[in-house]
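The chain is numbered in sequence order, starting from 1. Just so you know, ligand 1 is whichever comes first in the structure, and atom 1 is the first atom listed for that ligand.
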Amino acid sequence: MNLSERDKKHIWHPLTQHKTAKELIAIVKAEGASIWDEDGNEYIDGIASWYTSMYGHGHPKIKAAITKQMNTLDFVMFSGFTHKPAVALSESLIRILPTNQQKIFFNDNGSTAVEAAIKMALQYHSNAGEKRDTLIAFEDGFHGDTFGAMSASGLASYNAPFEDFLLNVIRIPTPQKHNLAEVLEKLEIAIAENSCAAFIFEPLVQGAAGMKFHSAKGLDALITRCQTADILCIADEIMTGFGKTGKNFASDYLTQNPDIMCLGKALTAGMFPLSITSCSQAVFNRFLNDEIHKGFFHAHTFSAHPLGCAAALEGLALLNASEILTQRNSIAKSHEVFVEKISNHLKVKAARCIGVVLAIDLEVEMERYGKLRDTLYQHFISQGIVLRPLGNTIYVLPPYIISAKQLQKIYDSIEEALLLM
Ligand SMILES: *Cc1c(COP(=O)(O)O)cnc(C)c1O
């Protein structure tokens, strides 16, 4: 029996309807921008394995850093103890995060980073004797799959069976050039009619919604309004962080600093599950008290895992290294040229890019989304490319180290895909 057959016996996969799912591909090796299956077929990882492996799979420097760390200190719990990889990582991150971010709280995955952020915001108010019980979030946002994170998420397809068990959330549309006044008015009503604790958002790019963009100026206006009402602003940069939008963080396009930030995914260059919830000094100070329970009683067993911290530190050293910067810029330029080229295609409704994120919305009726997605996915796989279209959107988010030839192969394959529609 091969791996795919053995897998079927006992494994339950995420985001999978096993009754109708196609055969899974067993991957046995990954290097650079490619992965290989058990039959020796190579695939270009066009979305960097959910935007994590931005420096390529198996980057030798990151592997070496993890190995070195493993040989000195594999793991120790992070309550009552600290260690050098965590301390060094906190110092390096503070240097590049928006200037008001002063404290680093460690978790083990994106959803738990969001969960910690939401709990911080709720307790921030309760520590001051205020019960604020409502969150503000964008329509179609995605923040993860644990209950708090899921509550903040607005994608019905993920949440439907759990709707009755979620936190109170008021949803507002994302700010675009044409609708800012209207969105601000909706925010005003939300603030007037509820006791709002926090506003959580994916800054500038909504990933799972189909790489949808919104206006930095509009987001600044929303943050400003929230902060005057002491509503904590949580920037979920789990997808956008670490260079994807062209700057270190999407928040770097804003003039207003978020109070809390969530980091994950590319944080460890795709080599280790680790996430961070950072916050301002003012948020942290709200938890300082002689009463022990005013502290933040939240922990995950693998908080600040030394191996993850070591990978993250080395990843940060690579983020703005000159060879990576050159690659980031050249991918961004290629995307722009391709967007220009494809925008007028009859089957293309809209195309857009920012940094290394490229998205193409196809002209197709909603009833056909599911079928189209499967057709496109299979088309790309058959050509040795991994892309995971979302709804009617094809997106590309390649590792920074992808070669010009590999990137061109992806563009060509997308153009061929348009002929299938
Ligand atoms: C992936 C993602 C999450 C959830 O992270 P997990 O590690 O999958 O739990 C949260 N927010 C955003 C914006 C994401 O892209």
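Remark: the T277 side chain and the N107 side chain contain an N/O donor-acceptor pair separated by less than 3.5 Å. Between the side chains of T146 and E115, a donor-acceptor pair is found at a separation under 3.5 Å.
Each of N109, G110, S111, F142, H143, G144, E202, D236, I238, M239, K265 has a non-hydrogen atom positioned under 4.0 Å from some atom of ligand 1.
Sorted by first then second residue, the side-chain hydrogen bond (donor to acceptor under 3.5 Å, both in side chains) pairs that include residues 248-276, not counting sequence neighbours, are D220-T255, Q227-D259, E237-S251, N248-N320.
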Could you check T174 against Q176 for side chain to side chain donor-acceptor pair (under 3.5 Å), going step by step and ending with a plain yes or no?
CA-CA 6 Å; T174 54; Q176 307 291 340; 3.0 Å; yes
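A salt bridge links D361 with R352; the closest basic N to acidic carboxylate O contact falls under 4.0 Å.
Separation of the H298 and F296 ring centroids falls under the 6.0 Å cut-off.
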